[in-house]
Amino acid sequence: MTYIPPNKIESRAAALLEKACIEKPAVSVEKIASALGAVIEYSRLNNALSGLVFLGGEKPIIGVNAGDPPNRQRFTIAHEIGHIVLHAAQIGRDIHVDRGFTVLRRDSRSAQGTDALEIQANRFAAALLMPRAFLERSIAEEGIEIDDDKRAVPSLAGTYRVSEAAMQIRLASLFV
Ligand SMILES: [Zn+2]
């Protein structure tokens, strides 16, 4: 299990945004997937499944549960992109399946290897969908008071097309 420090995850996500020529929110996960040569398959999966990734074929394949709400699907795709960028060696030719992970999940199993991969992929997804540089610009340009949670979080979540919970966690991790 290789530990990847959060700042490394941030810089890998920023490099990928640059490669995909994405300069403003909402970040297009489809554009990023195609910059990586990955294919996204939208299908109705069992309720408990949010997504999966397979790296054993010609192109990386990302599967996403089309029954999930759109923002959730975006987070899932960004999470699977995180696995492609960070975890190709660990996943190998297996199908990596994600069962309803949540950005809020913080339990005692976090220290275990599998959960470390999930935490890294979630961090990557947050950095990809809510890049620090974009947020700093949004906050400056729109005169947003990030202490004013009731207005800042819904407004930014709307602009970035992420859940309010994901935005709240991201703002707290970057600016508090
Ligand atoms: Zn995962």
Side-chain angles (χ1 to χ4, degrees), residues 1-17 19-20 22 26-131 157 160-170 172-173:
M1 182 66 249
T2 324
Y3 174 72
I4 309 173
N7 63 346
K8 180 84 181 170
I9 292 176
E10 295 284 330
S11 63
R12 296 290 292 272
L16 187 52
L17 288 164
K19 182 179 173 181
I22 293 173
V27 169
S28 165
V29 287
E30 291 82 5
K31 236 177 161 178
I32 293 172
S34 80
L36 281 174
V39 177
I40 304 175
E41 306 269 3
Y42 297 85
S43 44
R44 291 233 162 219
L45 304 173
N46 175 300
N47 266 346
L49 302 182
S50 49
L52 54 88
V53 65
F54 176 64
L55 303 174
E58 214 169 289
K59 294 177 167 185
I61 296 171
I62 294 169
V64 58
N65 193 343
D68 279 348
N71 285 346
R72 175 61 177 248
Q73 291 183 40
R74 284 168 50 72
F75 196 91
T76 298
I77 294 166
H79 174 104
E80 306 305 344
I81 289 171
H83 285 315
I84 294 171
V85 172
L86 304 172
H87 303 137
Q90 289 93 331
I91 291 173
R93 302 183 64 84
D94 290 342
I95 296 177
H96 174 87
V97 179
D98 285 303
R99 292 167 203 282
F101 57 78
T102 158
V103 291
L104 296 169
R105 181 161 135 201
R106 287 211 182 89
D107 59 36
S108 55
R109 296 186 304 132
S110 301
Q112 289 179 11
T114 320
D115 274 8
L117 295 187
E118 299 319 310
I119 289 165
Q120 289 169 4
N122 281 345
R123 275 201 183 122
F124 187 92
L128 200 64
L129 295 174
M130 299 166 278
Y160 285 75
R161 293 179 55 207
V162 297
S163 71
E164 292 188 14
M167 182 56 75
Q168 189 147 33
I169 290 169
R170 181 65 171 159
S173 77

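Both counts, for ligands and for their atoms, begin at 1 and track the order of listing.
- For Glu118, the N, O or S atom closest to the Zn ion (ligand 1) goes by the atom name OE1.
- A distance of 11.0 Å separates CG in Leu86 from CZ in Arg123, rounded to the nearest 0.5 Å.
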Evaluate the side-chain contact (heavy atoms from CB on, under 4.5 Å) criterion for residues Glu118 and His96: first the C-alpha distance (whole Å), next the side-chain angles of each, then the deciding distance (0.1 Å), finally the verdict. CA-CA 11 Å; Glu118 299 319 310; His96 174 87; 2.9 Å; yes
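- Residue-level check: among N/O/S atoms of His83, NE2 sits closest to the Zn ion (ligand 1).
- Ala127 and Ala13 make their closest contact through CB-CB, 3.7 Å (heavy atoms, listed as atom of the first residue, atom of the second, distance).
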Derivation and outcome, side-chain contact (heavy atoms from CB on, under 4.5 Å), residues Ile77 and Ile32: CA-CA 10 Å; Ile77 294 166; Ile32 293 172; over 6 Å; no
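- Here the angle centred on the Zn ion (ligand 1), running from NE2 of His96 over to NE2 of His79, is 160°, rounded to 10°.
- Here the N, O or S atom of Asp98 that is nearest to the Zn ion (ligand 1) is OD1.
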